[in-house]
Protein chains: 2
Amino acid sequence: MSATNSLSTEDLGSTAQRDRRKRILDATYELASEGGFDAVQMRAVAEAAEVALGTLYRYFPSKIHLLVSALGRQFESAESSLVTRPVPGDTPAERVIWVLKRTSRGLQGDPHLTEALTRAFMFADASVANEIHAVGMSMTSILTHAMDPERSTEVTEDDVAIARVIGDVWLSALVAWVTGRSTAAETAAHMETAVRMLLRD
Amino acid sequence: MSATNSLSTEDLGSTAQRDRRKRILDATYELASEGGFDAVQMRAVAEAAEVALGTLYRYFPSKIHLLVSALGRQFESAESSLVTRPVPGDTPAERVIWVLKRTSRGLQGDPHLTEALTRAFMFADASVANEIHAVGMSMTSILTHAMDPERSTEVTEDDVAIARVIGDVWLSALVAWVTGRSTAAETAAHMETAVRMLLRD
DNA sequence: GGACCAGGTGGAACGTGTTCCTATCATGCT
DNA sequence: AGCATGATAGGAACACGTTCCACCTGGTCC
């Protein structure tokens, strides 16, 4: 295990360690939610999680790893709540739009958190590839599920390609929204247009 | 003019000032090209451009403004060279793909520079909206021109929407490539797929 | 020529991410 | 129990973006 990776839950032997990891991610979440990216200061996280700064860095080798890991945890819970439930809508396009809107509404409800996590995601480099990949898989899985909730057929390459493009648009829109370059409404409209272009019924 | 904006060429009265601005952007370019985002250190830029640190900050209020402005200059020159020349390809999709490939090849030829500029673009917040908007316009203009070089008809809303989606995919691909999460070939293939889905002949 | 002043210089200082070091603590082995 | 070993605490130190300040310069107006 190289030093450029975050410690995952499986790597952690003792209960105390798993607990520390959780405390750290909770503190990150809390701080991000209150004040966004800038408020997630490593010293503050360490203090709030009641661990030493060195320990924090032992668990997460950088602020970016920390935030992306927190993002990953978010996505996993979003994924499980979206994939297990029926998605309303008669066509793939409508279902995907529904999922995106629902997700966006969730994100817009906590702008600081969203800003922090999106920034981290965009700033991540190759050393965060594992964490990023996990997020990408969640995203694709959420979208392909929305496209065909019954999964009557196998997921095709085309489905994945479409999901990826939608994911790209979604990310760009998120970045534009987070950085104050477009409003929530513009973002929503743009995504809807994109989805309809990609998923003509 | 608020302090949160970069000084543009028009704001600069004297030749000496325009010259300083140019020296700064040249130095930025040079450093970015050699060592990427991290190598563009404000002290280093100031020294290379032979201006004081305070002066640098007077011209560009932050490292991000500086890099995004440098990116803007790049895009303008790309735009003028791509828009004035005939674009090969028989269909919109082929022409767009040609333009994207050409541009990508240019970017891949200078990975550090690309990394620096992409990072900056992704990290920019609302205070950089002007600079970002300029880049977005260049991008859209390049793509709509490739879609219909003769411009027999007006640019429609649909054209712009498609161009924006392609721009989004392009940006995401660029981020993935720059951060080492995908190879140049994967990036190219993904963009080609996206363009063909969006611009079915 | 002299006074004025916007813009420039040089550099100190501050905040925050990151690294590093030493002492302390917990846990398993003999 | 005594000990070895790895993890944690606590905190100093460093790097770089950013801010600030005291002073200087080169035009402009009288």
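Note: hydrogens, waters and symmetry copies are ignored here, and every other heavy atom, side chains too, is used. Numbers restart at 1 for each chain; the letters A, B, ... are given by sequence-line order, proteins then strands.
Listed by first then second residue, pairs satisfying salt bridge (Lys or Arg N to Asp or Glu O under 4.0 Å) with a partner in residues 62-75 of chain A read A/Asp26-A/Arg73, not counting sequence neighbours.
A/Ser104 meets the side-chain hydrogen bond (donor to acceptor under 3.5 Å, both in side chains) test with no other residue; sequence neighbours excluded. Among residues two or more places apart in sequence or in another chain, the salt bridge (charged side-chain N to carboxylate O under 4.0 Å, His left out) test is passed with A/Glu192 by A/Lys101, A/Arg196. Residues forming a side chain to side chain contact (heavy atoms under 4.5 Å, CB included) with A/Val178 (at least two apart in sequence, or on another chain): A/Thr114, A/Glu115, A/Thr118. Every side-chain hydrogen bond (donor to acceptor under 3.5 Å, both in side chains) that B/Thr156 has, sequence neighbours left out, goes to B/Asp159. With sequence neighbours left out, the salt bridge (charged side-chain N to carboxylate O under 4.0 Å, His left out) criterion links A/Glu186 to no other residue.
Checking B/Thr193 against B/His190 by side-chain atom types alone, no donor-acceptor pair falls below 3.5 Å. Residues B/Glu79 and B/Ser141 bring a donor and an acceptor atom of their side chains to less than 3.5 Å of each other.
Residues from residues 36-48 of chain B placing a heavy atom under 4.0 Å of any atom in DNA chain D, listed by number, are B/Val40, B/Gln41, B/Met42, B/Arg43.
Counting heavy atoms from C-beta on, the side chains of B/Arg200 and B/Pro92 never come closer than 4.5 Å.
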Sub-3.5 Å pairs of nitrogen or oxygen atoms, protein against nucleotides 19-24 of chain D:
none

Distances for protein N or O near nucleotides 6-8 of chain D N or O, under 3.5 Å:
unit_1: D/dA7; atom_1: OP2; unit_2: A/Arg58; atom_2: NH2; d: 2.8
unit_1: D/dA7; atom_1: O5'; unit_2: A/Arg58; atom_2: NH2; d: 3.4
unit_1: D/dT8; atom_1: OP1; unit_2: A/Arg20; atom_2: NH1; d: 2.8
unit_1: D/dT8; atom_1: OP1; unit_2: A/Tyr59; atom_2: OH; d: 2.8

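The backbone N or O of B/Phe121 lies less than 3.5 Å from no partner atom in the side chain of B/Arg119, so there is not a single donor-acceptor pair. A donor-acceptor pair under 3.5 Å is absent between the side-chain atoms of A/Arg95 and the main chain of A/Val87, judged by distance alone.
In this structure, NZ on B/Lys22 lies 14.5 Å from CZ on B/Arg20, to the nearest 0.5 angstrom.
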When the side chains of residues 28-56 of chain B are checked against the rest of the protein, which donor-acceptor pairs come out under 3.5 Å, sequence neighbours left out?
unit_1: B/Thr28; atom_1: OG1; unit_2: B/Ile24; atom_2: O; d: 2.8
unit_1: B/Ser33; atom_1: OG; unit_2: B/Asp110; atom_2: OD1; d: 3.1
unit_1: B/Ser33; atom_1: OG; unit_2: B/Asp110; atom_2: OD2; d: 2.7
unit_1: B/Gln41; atom_1: NE2; unit_2: B/Asp38; atom_2: O; d: 3.3

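When the C1' atoms of four end pairs are superposed on the next four at each end of the helix from C/dG1-D/dC30 to C/dT30-D/dA1, using five pairs per end, the two resulting axes differ in direction by 0°, to 10°.
Close approach of DNA chain C to chain A, defined as any atom under 4.0 Å from a non-hydrogen atom of the protein, starts and stops at C/dT16 to C/dT19.
Ionic pairing of B/Arg164 and B/Asp168 is not present here: no N-O contact between side-chain nitrogen and carboxylate oxygen is shorter than 4.0 angstrom.
Exactly one of A/Val195, A/Val96, A/Leu198 qualifies for a side chain to side chain contact (heavy atoms under 4.5 Å, CB included) with A/Ile162. That residue is A/Leu198.
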